[in-house]
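Worksheet: the structure to be examined is printed underneath.
Every chain is numbered from 1, with letters handed out A, B, ... down the list of sequences.
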Number of protein chains: 2
Amino acid sequence: MDISIERLCIENGLKMTGPRRVIARVLSESTDHPDVDELHRRANRLDQRISLATVYRTVRLLEAKGILERRDLGSRRARYEPSGEKNHFHLVDQDSGKVLEFAAPDAELLLRDIARQHGFDLALIKIELFGRRPAAKMGAEEAMNGDRRDSQARLHGEVQGT
Amino acid sequence: MDISIERLCIENGLKMTGPRRVIARVLSESTDHPDVDELHRRANRLDQRISLATVYRTVRLLEAKGILERRDLGSRRARYEPSGEKNHFHLVDQDSGKVLEFAAPDAELLLRDIARQHGFDLALIKIELFGRRPAAKMGAEEAMNGDRRDSQARLHGEVQGT
DNA sequence: GTAGTTGCAAAGCCTTTGCGATCGG
DNA sequence: CCGATCGCAAAGGCTTTGCAACTAC
């Protein structure tokens with residue numbers, strides 16, 4: 001799972017320029033759901049010269065090629081992840097903004113079935129759960145994969161100024 | 001979901017000003033998932049003077065009060081719907097952009113269970129299915145699991161393209 | 001009367017784009 | 001070599017906000 005994104009790019013007939021190679025590598029090494037700004041930051045650690053615009057253009061291109069998938073996860077910024085991975089969904093901790101991934105093959109089947117009953121072929125299933133952990137015991141599998149927080153921030157905020 | 005939005009506003013201690021009353025009414029009468037611009041348009045049919053900024057401020061406030069829920073549904077503009085309604089999810093036709101609502105109590109249970117296993121209390125479950133109808137045999141039933149079917153017409157549909 | 005609201009226009013945030021320079025195949 | 005890609009800065013689309021006037025309670 002190292003350079004797979006780059007491989008996919010090549011298979012899709014994309015020119016592998018310097019910046020693109022770096023971004024592909026950053027994507028391949030990410031196990032979370034970085035937004036464009038974060039990708040830019042990570043890419044810049046490998047090559048200072050890569051511009052934000054290029055990161056935007058690249059994720060857009062890779063999304064069009066089906067190599068990446070865009071996620072929203074509550075924040076205003078788009079986040080990306082490789083689409084190859086087997087179906088998984090997102091459980092967002094509303095307090096910390098952390099995102100856990102989980103599989104739910106049973107639920108998936110049910111949904112696919114419902115869609116079929118309506119005459120649809122599903123291309124994409126998005127399931128996002130938002131909740132909080134009752135203060136009690138945490139820890140345990142905290143080890144999953146934490147995400148950059150930032151997802152909410154507008155979930156509670158006061159609304160009217162002055 | 002008739003004039004209930006206004007009632008909810010009052011219960012939440014919000015001042016019922018003219019603009020707010022109109023927006024509440026528009027929301028109460030909507031059976032689809034309008035974006036802010038569309039809400040503004042509808043509100044303006046009842047009162048020309050209502051500004052876009054006020055619509056933004058109002059939906060934000062109502063979302064904070066838990067009266068409305070924001071949806072993304074693939075487009076870049078936020079869409080809103082009353083949160084009171086019983087849990088339902090969205091099936092988006094990628095060709096037309098139309099959104100069907102459906103219920104999936106079984107899937108819901110499964111998911112709630114998964115969340116519990118991770119120590120979470122769920123506040124919100126989002127399920128969005130994206131797919132297309134193979135031109136072949138459609139028809140059959142347009143009626144969903146008891147929820148109201150909702151054929152929103154004017155839907156600036158598209159999801160993303162290149 | 002006072003705190004909460006509103007309109008308007010300006011500002012902000014994220015994303016896209018025009019353009020000339022560069023680079024990959 | 002030719003078209004794809006890049007960096008930069010300017011432009012766009014959607015949303016928020018500062019401010020002074022106004023209004024519900």
Can you pull out the residues from residues 43-53 of chain A that lie within a 4.0 Å heavy-atom distance of DNA chain D? A/Arg49, A/Ile50, A/Ser51, A/Ala53
So, under a plain 3.5 Å distance rule, would you say the side chain of A/Arg57 forms a donor-acceptor pair with the base of C/dG18? yes
Interatomic distance, [X] [atom1] vs [N] [atom2] [rounded to whole Å]:
X	N	atom1	atom2	result
A/Asn12	C/dG24	CG	C1'	17 Å
B/Arg60	C/dC13	CZ	P	13 Å
A/Asp37	C/dC14	CG	P	7 Å
B/Leu61	D/dT17	CG	P	13 Å
A/Leu39	C/dT15	CG	C1'	14 Å
B/Glu63	D/dT15	CD	P	12 Å
B/Ile10	C/dT5	CD1	P	13 Å
A/Arg20	D/dG3	CZ	C1'	12 Å

B/Pro19 side-chain proximity, nearest of C/dG7, D/dG7, D/dT17: C/dG7
Checking contacts here: which listed nucleotide (D/dC6, D/dT16, C/dT16) is nearest the side-chain heavy atoms of A/Thr58? D/dC6
Pairwise N/O distances under 3.5 Å, protein to nucleotides 22-25 of chain D:
| residue | atom | partner | partner atom | Å |
| --- | --- | --- | --- | --- |
| D/dA24 | N3 | B/Lys15 | NZ | 3.2 |

Sorted by chain and number, sequence neighbours left out, side-chain contact (heavy atoms from CB on, under 4.5 Å) with A/Asn44 holds for A/His40, A/Ile50
Listed partners of A/Phe89 passing side-chain contact (heavy atoms from CB on, under 4.5 Å), at least two apart: A/Asn87, A/Phe102, A/Ala104, A/Glu108, A/Ile125, A/Ile127
Is it true that [X] and [Y] make a salt bridge, defined as a side-chain N closer than 4.0 Å to a carboxylate O?
X	Y	value
A/Arg71	A/Glu81	yes
B/Asp32	B/Arg42	yes
A/Glu6	A/Arg21	yes

Mind checking salt bridge (Lys or Arg N to Asp or Glu O under 4.0 Å) for B/Asp121 and listing every partner two or more places apart, or none if nothing turns up? none
For A/Asp113, enumerate each residue passing the salt bridge (Lys or Arg N to Asp or Glu O under 4.0 Å) test, keeping only those at least two apart in sequence or located in another chain. A/Arg116
So which atom in B/Val22 and which in B/Ala43 form the shortest heavy-atom distance, rounded to 0.1 Å? CG1-O, 3.8 Å
Can you classify the ring geometry of A/His90 versus A/His88 as parallel (below 30°), tilted (30 to 60°) or perpendicular (above 60°)? perpendicular
Identified side chain to side chain contact (heavy atoms under 4.5 Å, CB included) partner of A/Arg79 from the options A/Val59, A/Leu39, A/Val36, A/Val99: A/Val99
How would you list all residue pairs meeting salt bridge (Lys or Arg N to Asp or Glu O under 4.0 Å) that involve residues 43-58 of chain A, not counting sequence neighbours? A/Asp47-A/Arg49
Taking transitive links into account, so neighbours of neighbours count too, which hydrophobic residues share a cluster with A/Leu109 at under 4.5 Å side-chain distance? none
Could you pull out all residues at least two apart from A/Asp37 that satisfy side chain to side chain donor-acceptor pair (under 3.5 Å)? A/Arg41
Applying side chain to side chain donor-acceptor pair (under 3.5 Å), name anything that partners B/Ser83, two or more places apart in sequence or on another chain. none
Measure the angle between the two terminal helix axes of the helix from C/dG1-D/dC25 to C/dG25-D/dC1, five base pairs each, and quote it to 10°. 40°
Pull out every protein N or O sitting under 3.5 Å from an N or O of nucleotides 12-14 of chain D, one pair per line with the distance.
| residue | atom | partner | partner atom | Å |
| --- | --- | --- | --- | --- |
| D/dC14 | OP1 | B/Arg77 | NH1 | 2.1 |

